[in-house]
Amino acid sequence: MTMENVLSVISFLGLGAIVGSFFTALWERNNNIAMQKQEFKETRYKCIILLMLGLVDFNKERPKLIANGRNFSSIHELKEELITEWNNMMLFASDEALIALNSFIRSPNINSYRDCVLTMRKDLYGGKLSKKVIVLNFD
């Protein structure tokens, strides 16, 4: 093997390492961005679930809302907050999650709550969860 061939092989290996490092860094960056988006969406959905529970049974859930820094004096204020959350969800939520929360806001009850929670869960993690799994009785 001539010196020229050795230099070519070394150059080729060096270029390969540089290209490999570039793609690894790009993949890690994209992965970190995706994780941050997922964490943000999960945090927002947790907040929305608490607000939804408050709308299902305002008197029972109001102390929990206050404990979480959400001191609503009326159901109307709480509903307006959920409408604001719905508007913000347009930036990150699936169409199905937006439709489900809209349905809940229009008719806040345990069934629309369950439908919305299941839809948000699917948006976050994929997969299906039966309504039968969410059996907590609010009475």
Side-chain angles (χ1 to χ4, degrees):
M1 196 179 244
T2 67
M3 184 62 130
E4 210 172 90
N5 289 342
V6 171
L7 288 175
S8 293
V9 169
I10 291 173
S11 296
F12 181 71
L13 290 175
L15 182 61
I18 291 170
V19 170
S21 294
F22 171 77
F23 283 113
T24 299
L26 185 62
W27 178 82
E28 287 176 0
R29 179 181 169 274
N30 289 340
N31 194 33
N32 286 338
I33 290 170
M35 282 180 40
Q36 288 173 352
K37 285 180 183 178
Q38 184 72 9
E39 289 172 5
F40 172 78
K41 187 187 284 192
E42 186 174 318
T43 300
R44 295 309 324 137
Y45 280 170
K46 286 178 181 178
C47 175
I48 291 166
I49 286 172
L50 290 175
L51 296 174
M52 289 169 46
L53 284 172
L55 204 54
V56 169
D57 190 346
F58 185 72
N59 293 327
K60 180 181 175 189
E61 298 297 323
R62 189 163 184 245
K64 293 175 192 169
L65 291 168
I66 292 170
N68 284 293
R70 308 306 294 264
N71 191 10
F72 299 104
S73 59
S74 69
I75 291 175
H76 176 74
E77 282 183 7
L78 177 53
K79 195 171 196 175
E80 288 297 316
E81 182 68 15
L82 270 171
I83 290 169
T84 299
E85 289 290 348
W86 182 84
N87 282 305
N88 291 332
M89 281 173 58
M90 286 190 226
L91 296 174
F92 61 85
S94 68
D95 290 353
E96 292 83 9
L98 287 164
I99 291 167
L101 183 57
N102 183 292
S103 295
F104 173 82
I105 291 169
R106 289 172 174 260
S107 178
N109 58 60
I110 191 62
N111 290 325
S112 59
Y113 166 82
R114 287 178 180 154
D115 289 344
C116 190
V117 170
L118 291 170
T119 304
M120 288 188 291
R121 181 184 187 277
K122 183 179 178 185
D123 188 28
L124 280 171
Y125 309 113
K128 290 188 175 185
L129 181 67
S130 169
K131 286 184 188 180
K132 295 175 185 175
V133 174
I134 302 178
V135 295
L136 183 62
N137 189 347
F138 291 97
D139 297 329

Item to check | side chain to side chain donor-acceptor pair (under 3.5 Å) involving K79 - partner list, sequence neighbours excluded | outcome: none
Checklist entry - For the atom pair CG (L118) and OH (Y113), what is the distance rounded to the nearest 0.5 Å? => result 9.5 Å
Checklist outcome for this item: The complete set of ring pair (Phe, Tyr, Trp, His ring centres under 6.0 Å) pairs with one or both residues in residues 53-97, sequence neighbours excluded, reads F40-F92, Y45-F92
Item to check | Min side-chain heavy-atom separation N71-R62 under 4.5 Å | outcome: yes
Checklist entry - What do you reckon, is CE of M35 surrounded by more than 12 foreign heavy atoms closer than 6.0 Å? => result no
Item to check | Path from L101 to M90 over hydrophobic side-chain contacts below 4.5 Å | outcome: yes
Next on the checklist: Are F104 and I75 connected into the same hydrophobic cluster when the rule is that any two of I, L, V, M, F, W, Y join if their side-chain heavy atoms are below 4.5 Å apart?
Outcome noted: yes
Checklist entry - Does anything in residues 65-78 pair up under salt bridge (Lys or Arg N to Asp or Glu O under 4.0 Å), and if so which pairs, sequence neighbours excluded? => result R70-E81
Checklist entry - For K37, what residues pass the side chain to side chain donor-acceptor pair (under 3.5 Å) criterion, not counting sequence neighbours? => result none
Item to check | Atom pair CG/CG of L98 and N87 - distance to nearest 0.5 Å | outcome: 9.5 Å
Next on the checklist: List the residues meeting side chain to side chain contact (heavy atoms under 4.5 Å, CB included) with D95, not counting sequence neighbours, and say none if there are none.
Outcome noted: none
Checklist entry - Can you find a side-chain donor-acceptor pair between Y125 and Q38 that sits under 3.5 Å? => result no
Next on the checklist: Could you measure the distance from the CE atom of M89 to the NZ atom of K41? Nearest 0.5 Å is fine.
Outcome noted: 9.0 Å
Checklist entry - Which residues satisfy the side chain to side chain donor-acceptor pair (under 3.5 Å) test with T43, sequence neighbours excluded? => result none
Next on the checklist: S94: which residues meet the side chain to side chain contact (heavy atoms under 4.5 Å, CB included) condition with it, sequence neighbours left out?
Outcome noted: E96, A97, D123
Next on the checklist: Suppose the criterion is salt bridge (Lys or Arg N to Asp or Glu O under 4.0 Å): which pairs have a residue in residues 97-107, not counting sequence neighbours?
Outcome noted: none
Next on the checklist: Please report the interatomic distance CD1(I105) to CG(L82), rounded to the nearest 0.5 Å.
Outcome noted: 5.0 Å
Checklist outcome for this item: Tightest non-hydrogen contact, residues L53 and E61, listed as O-CG, 3.3 Å
Checklist entry - Residues two or more places apart in sequence or in another chain: which of them pass side chain to side chain donor-acceptor pair (under 3.5 Å) with S107? => result N109
Item to check | Shared hydrophobic cluster, I83 / L55 (ILVMFWY, side-chain heavy atoms < 4.5 Å) | outcome: yes
Item to check | Nearest-0.5 Å distance that lies between atom CD1 in I110 and atom CE in M52 | outcome: 9.0 Å
Item to check | Point-to-point distance, once rounded to the nearest 0.5 Å, from CG of L124 to CZ of R44 | outcome: 12.5 Å
Checklist entry - Are T84 and E80 close enough that some pair of their side-chain heavy atoms sits under 4.5 Å apart? => result no
